[in-house]
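For reference, the structure discussed in these notes is given below.
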Amino acid sequence: MNCVGHINHGLWTHPRDRSVDYAKLSHWTDLAKVLEGGLFDAMFIADIVGVYDVYGGSIDLTAREAIQLPVNDPTLLVPAMAAVTEGLGFGVTVNTAVEHPYTFARRFSTLDHLTEGRIGWNVVTGYLDSAARAVGRDAMREHDERYDRADDYLELLYKLWETSWEDGAVKRDKPARLYADPSKIHEIRHDGPFYQSHGFHLSEPSPQRTPVIFQAGTSGRGQRFAARHAECVFIGASDPEAARRTSRQLREAVVAAGRRPDDIRILVGMSVVTGQTDEDAQDRLADYVTHASPEAALAHFAAGSGIDFSRYGLDDEISYGPTNAIQSTTAAARQKGLTRRQLLEASRLDSRYPLVVGSGKTVAAELGRWAEEGEIDGFNLTRTVTPECWHDFVRFVVPALQERGLYKAAYRTGTLRHRLFGEGDRLPPRHAGGTLRDEAAAAR
């Protein structure tokens with residue numbers, strides 16, 4: 001995330017951590033080169049619009065602990081990182097609630113051009129009332145309505161990206177003074193329930209046209225959205241059994257939407273602390289924990305659940321009632337019924353993701369177990385002390401994964417979508433965007 005403190009809160013205070021350099025371009029280009037050296041498929045850049053003001057009803061702790069504040073625009077980092085890499089992809093979060101899809105479509109077409117087809121978009125619908133107030137609304141819209149609006153948003157984007165410019169519209173014919181054939185460029189007309197647009201897409205077709213669609217949402221409505229749109233889905237799971245249940249539900253929903261079960265890649269959030277030996281890794285974890293901030297983690301959790309935990313005593317029963325925030329977060333908290341004391345004890349780093357600690361071989365074995373038993377495709381690794389956590393993973397874990405046959409030895413050629421699925425650069429015809437594209441072509 002383009003900020004100081006992301007998930008494992010407080011670690012920016014560690015003497016070896018360089019998160020405070022987040023506003024320097026070299027911080028990001030250096031990181032991109034490290035990840036490319038480790039053959040990472042993509043760097044995922046999260047984002048929020050708004051601030052965490054639920055805990056204590058203010059931003060006091062948020063500001064003191066840099067809990068995703070300050071936070072800069074994630075998209076502006078990508079061209080610089082793309083310029084110093086060739087294989088690394090980029091998944092970038094942009095909230096559908098704060099920008100009209102017409103201008104958004106041009107920005108991501110531009111990113112797809114500049115990365116030569118290595119861009120993905122993490123679709124989020126927002127969950128912070130502070131964000132809604134900042135853009136002129138009283139509060140966030142209801143949870144399911146946010147997904148209804150996102151469905152309409154995506155349909156308009158598919159029309160712009162996939163149907164406005166035909167294949168072969170761009171000629172670049174200098175002697176004929178013909179850059180693009182106007183007969184192959186079409187005005188799109190979209191009059192949806194939430195968005196309207198009549199116009200031409202401003203960008204010529206990019207390598208993927210539609211960026212790879214990432215999404216994180218495991219509520220019932222979120223899964224239906226993923227089944228129709230998502231290509232990579234982030235899930236949270238406490239153990240491989242929980243991951244397997246969610247994976248099967250998602251793949252069943254994808255099949256019900258007319259797609260294949262392997263049309264999505266399912267990624268589990270995970271924190272890793274590794275070292276030369278298991279003992280080295282445990283020592284490193286103990287060092288990290290001395291700099292962690294459990295209260296900052298709880299304040300972050302308060303924003304995600306909509307519950308102000310500061311109002312409760314350490315051992316009071318907490319009311320995990322329905323909220324308009326992240327439903328899966330609230331449901332998990334309600335099921336566990338944890339007190340404030342228990343939540344703080346669980347947040348020695350951050351309790352939202354499983355923590356794997358050990359040598360490269362130990363970590364590789366555990367990740368392999370998750371992949372097999374959890375029926376997942378990969379991991380979304382959270383940062384701890386940066387950049388050393390990435391150097392450590394590349395040095396210790398990647399070779400161990402390769403030895404087990406669980407990790408590639410080189411990048412595939414082509415776009416991010418082709419590298420992930422091996423089926424070409426464009427959305428397949430069974431995807432909602434691919435279906436719309438093919439129907440538009442048949443109607444011409």
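The figures here come from the full heavy-atom set of this structure, side chains too, leaving out hydrogens, waters and symmetry mates.
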| task | Kindly assign one of parallel, tilted or perpendicular to the pair Phe301 and Phe309, based on the angle between their ring planes and the thresholds 30° and 60°. | result | parallel
| said: Run the side-chain hydrogen bond (donor to acceptor under 3.5 Å, both in side chains) test on His291 and Asp17 for me, step by step, so that the C-alpha distance in whole Å, both residues' side-chain angles and the decisive distance to 0.1 Å come before the verdict. | reply: CA-CA 11 Å; His291 297 273; Asp17 189 89; over 6 Å; no
| Short side-chain to backbone donor-acceptor contact, Arg417 and Thr210, under 3.5 Å | yes
| task | Quick one: sort the Tyr158 and His431 rings into parallel, tilted or perpendicular, breaks at 30° and 60°. | result | perpendicular
| In this structure, are over 12 heavy atoms from other groups packed under 6.0 Å from Glu388 atom CD? | yes
| field | is_close_aromatic(Phe104, His100), centroid dist under 6.0 Å | value | no
| query | Taking the six-membered ring of Tyr411 as reference, does the NZ or CZ atom of Arg419 fall below 6.0 Å from its centre and within a 45° cone about the axis? | reply | yes
| task | Flag the pair His300 / Tyr52 as yes when their ring centroid distance falls below 6.0 Å, and as no otherwise. | result | yes
| request: Could you tell me whether a side-chain N or O of Glu423 sits under 3.5 Å from a main-chain N or O of His418, the two making a donor and an acceptor? | output: no
| said: If you apply the rule salt bridge (Lys or Arg N to Asp or Glu O under 4.0 Å), what do you find for Asp287 with Arg284, and how did you get there? | reply: CA-CA 5 Å; Asp287 176 36; Arg284 182 150 288 186; over 6 Å; no
| query | Has the side chain of Glu231 got a donor or acceptor atom that lies under 3.5 Å from a matching backbone atom of Ile213? | reply | yes
| Parallel, tilted or perpendicular: which describes the rings of Phe214 and Phe234, with under 30° parallel and over 60° perpendicular? | parallel
| request: Say whether, by atom type as modelled, one donor and one acceptor occur between the side chain of Ser359 and the main chain of Thr277 under 3.5 angstrom. | output: no
| query | With side chains defined as the heavy atoms from C-beta onward, is the minimum distance between Asp53 and Thr62 less than 4.5 Å? | reply | no
| Exercise: do Thr382 and Asn8 side chains pair donor with acceptor under 3.5 Å | yes
| What do the steps show when you test Leu154 against Trp121 for side chain to side chain contact (heavy atoms under 4.5 Å, CB included), and what is the final call? | CA-CA 11 Å; Leu154 268 292; Trp121 170 36; 3.8 Å; yes
| Leu381 and Phe40: CA distance, side-chain angles, deciding distance, side chain to side chain contact (heavy atoms under 4.5 Å, CB included) verdict | CA-CA 10 Å; Leu381 301 177; Phe40 275 53; 4.1 Å; yes
| field | Donor-acceptor contact below 3.5 Å, side chain Arg340 vs main chain Tyr312 | value | yes
| message | For a quick check under 3.5 Å, do Thr93 and Asn122 share a side-chain donor-acceptor pair by atom type? | response | yes
| field | Donor-acceptor under 3.5 Å (Asp239 side chain, Ala242 main chain) | value | yes
| task | Please answer whether the main-chain N or O of Asp60 pairs with a side-chain N or O of Ser58 as donor and acceptor at a distance below 3.5 Å. | result | yes
| field | Sidechain-backbone polar pair: Glu295 side chain, Leu344 backbone, donor-acceptor under 3.5 Å | value | no
| query | Any side-chain heavy atom of Leu69 within less than 4.5 Å of one from Ile59? | reply | yes
| field | Given Asp167, Thr415, Asp425, the one that forms side-chain contact (heavy atoms from CB on, under 4.5 Å) with Arg209 | value | Asp167
| task | Using a cut-off of 6.0 Å, state whether more than 12 heavy atoms not belonging to Gln196 lie near its atom CD. | result | yes
| For the side chain of Asn380 and the backbone of Leu267, is there at least one donor-acceptor N/O pair under 3.5 Å apart? | no
| message | Under a 3.5 Å distance rule, please check whether His201 uses its side chain to pair with a backbone N or O of Ile188 as donor and acceptor. | response | no
| task | Take Glu155 and Tyr195, measure what side-chain hydrogen bond (donor to acceptor under 3.5 Å, both in side chains) needs, and give me the verdict at the end. | result | CA-CA 10 Å; Glu155 184 174 345; Tyr195 296 97; over 6 Å; no
